[in-house]
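Everything on this sheet refers to the single structure shown next.
Residue numbers begin at 1 in each chain, while the letters A, B, ... track the order of the sequences.
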Number of protein chains: 2
Amino acid sequence: MQSRPRIPEATVARLAVYLRVLSGLAESGRGTVSSGELASAAGVNPAGLRKDLSHLGPCGTRGVGYEVATLRDRIAGVLGMETAHACVLVGLGNLGSALAGYGGFGSRGFEFVGLFDASPARVGQEVGGRVVRPMEELDEVVTATRATIGVIATPAEVAQRVCDRLTAAGVRSILNFAPVALTAPAGVDVRQVDLSVELQVLAFLDKQRGPAAAVLAPAGGMA
Amino acid sequence: MQSRPRIPEATVARLAVYLRVLSGLAESGRGTVSSGELASAAGVNPAGLRKDLSHLGPCGTRGVGYEVATLRDRIAGVLGMETAHACVLVGLGNLGSALAGYGGFGSRGFEFVGLFDASPARVGQEVGGRVVRPMEELDEVVTATRATIGVIATPAEVAQRVCDRLTAAGVRSILNFAPVALTAPAGVDVRQVDLSVELQVLAFLDKQRGPAAAVLAPAGGMA
DNA sequence: AACCGCTTGTGAACGCAGGAACAAAGTCGC
DNA sequence: GCGACTTTGTTCCTGCGTTCACAAGCGGTT
């Protein structure tokens with residue numbers, strides 16, 4: 001069916017970035033873009049961008065560039081954005097509430113069809129326009145809405161249990177913000193996002209460069 | 001000086017994960033761990049874990065395993081965690097507030113010494129035990145506290161301006177949550193975290209596996 | 001109609017990360 | 001004291017991702 005059996009995962013992640021840039025350009029009324037300009041806006045190498053786009057088949061005009069709207073729709077199709085994705089979010093603490101209220105998801109075709117929390121204090125509250133439900137209703141909502149994506153923003157101690165319940169209910173993709181490695185049955189994709197790891201990588205790179213802070217301001221360049 | 005000129009960035013990210021697991025084991029009173037067990041808890045391959053640890057020099061005992069406390073301290077030292085890192089956070093919206101209140105940072109040696117927001121409505125409020133300050137005080141606080149890490153959780157439109165101000169004030173490492181590629185002067189590290197990109201990768205993988213959702217619920221079609 | 005400049009798309013080389021297999025070393029048991 | 005088992009540390013290899021460089025193609029111009 002599709003002449004592209006597989007697209008590298010790193011490329012998929014970048015396609016999502018290109019898509020965001022293209023959406024911005026389309027709103028600016030821009031008609032075409034060159035690979036160089038698009039790569040610059042996305043923060044990647046122009047050759048790499050062209051190679052990424054080559055996975056979608058030829059979609060540019062030589063000598064001119066890429067048609068903004070066309071390319072945007074093409075990428076959106078490949079990423080599976082023509083249809084909205086129903087997501088459930090478990091854990092409405094600080095991070096979960098931020099995710100529920102984050103507009104970047106809704107504008108990209110992801111809709112939270114259920115917010116769940118184990119704490120009775122949270123249940124019933126409204127977050128991001130949705131009412132927080134008790135954990136008991138999780139299975140029912142996942143089944144009814146056919147949600148395929150589950151987001152875990154709970155404390156680490158209960159994340160595995162939540163993961164089990166989500167997979168048992170039929171969720172096939174999980175985005176985990178809890179700082180633990182989750183075990184899921186085969187056929188279920190788990191992606192881990194650990195915010196503090198990012199900070200620690202930064203701290204390491206900073207330390208590796210050595211304490212050269214004084215060198216950066218040789219002649220009182222503070223002003 | 002250091003016999004390890006460079007540690008791969010991917011390894012550094014995993015070291016941070018090992019460190020978290022080791023801290024948990026140490027609290028459990030565990031004395032030693034084998035690479036297999038540690039790798040399982042971290043969700044990686046045992047051979048890869050040993051290779052990662054080999055960058056720190058020999059730190060295990062053959063036939064026994066790794067001493068939990070010793071290895072933890074060694075990794076902490078390599079990651080630059082013996083000294084606390086002062087961070088400033090700009091943008092106290094949903095995500096910024098979640099970050100400010102996230103305990104995972106403080107327990108890892110990262111302290112937010114300044115919270116900043118451009119909105120007068122936010123200034124003066126208390127988030128995570130700290131008072132939100134106006135943007136005008138950013139330069140002053142960064143200089144006074146010698147903060148080296150800046151976290152950007154603002155809307156995309158102002159992220160580049162915030163980045164410019166942070167670097168001008170002397171920040172050398174930036175963690176950016178705004179969905180834009182930032183341009184920073186040489187010598188400044190920028191790490192990008194895009195939450196919606198993760199979701200889109202999940203959606204793509206789900207779509208790539210084919211529309212097998214119907215198989216999961218054979219009886220009871222949409223109609 | 002033909003030329004020229006510009007841009008895409010692709011092919012090849014380089015470097016890096018990941019995984020498996022093997023040798024060294026230390027401990028436990030006899 | 002010696003042997004065998006366990007586990008680390010290392011080495012090799014395979015595959016992937018990234019980058020550079022070139023050929024192919026299209027539009028504009030004369």
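Rounded to an integer number of Å, the gap from CZ of R14(A) to C1' of dC16(D) is 12 Å. Rounded to whole Å, the distance from CG on L53(B) to P on dT8(D) is 9 Å. Here dC6(C) presents its C1' atom at 17 Å from CG of L38(A), a figure rounded to the nearest Å. For H55(B) and dT11(D), the NE2 to P distance is 12 Å, given to the nearest whole Å. With rounding to whole Å, I7(A) atom CD1 is found 15 Å from dG17(D) atom C1'. Atom CD in E67(A) sits about 12 Å away from atom P in dG27(D), given to the nearest Å. Atom pair L49(A):CG and dT10(C):P shows a separation of 14 Å (rounding to whole Å applied). Between E9(B) atom CD and dG15(C) atom P there is a gap of 19 Å when expressed in whole angstrom units.
Put simply, the side chain of R62(A) and the base of dT7(C) share no donor and acceptor less than 3.5 Å apart. In this model, a side-chain donor or acceptor of K51(B) finds a partner on the base of dG19(C) within 3.5 Å.
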- Item | Derivation of the salt bridge (charged side-chain N to carboxylate O under 4.0 Å, His left out) call for R30(B) and E37(B) | CA-CA 12 Å; R30(B) 188 68 174 280; E37(B) 189 179 358; 2.7 Å; yes

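For the pair G63(A) and N45(A), both in contact range of DNA chain D, the more 5′-proximal nearest nucleotide belongs to N45(A). Heavy-atom nearest nucleotides on DNA chain D were determined for A10(A) and for R50(A), and the one closer to the 5' end corresponds to A10(A).
With contacts defined as side-chain heavy-atom distances shorter than 4.5 Å, the pair I149(A)/D206(B) does not qualify. Between R72(B) and S23(B), some side-chain heavy-atom pair lies under the 4.5 Å cut-off. Contact of the L175(A) side chain with the L202(B) side chain is registered, since non-hydrogen atoms from C-beta on lie closer than 4.5 Å.
Among the heavy atoms of the strands, none lies under 4.0 Å from G48(B).
OP1 or OP2 of dT8(D) sits under 4.0 Å from a side-chain N or O of S35(B). Look at Y66(A) and you'll find a side-chain N or O under 4.0 angstrom from OP1 or OP2 of dG9(C).
No donor-acceptor pair under 3.5 Å is formed between the side chain of S196(B) and the backbone N or O of G104(A).
Side-chain atoms of A47(A) lie closest to dC20(D) of the nucleotides dG26(C), dC20(D), dT8(C).
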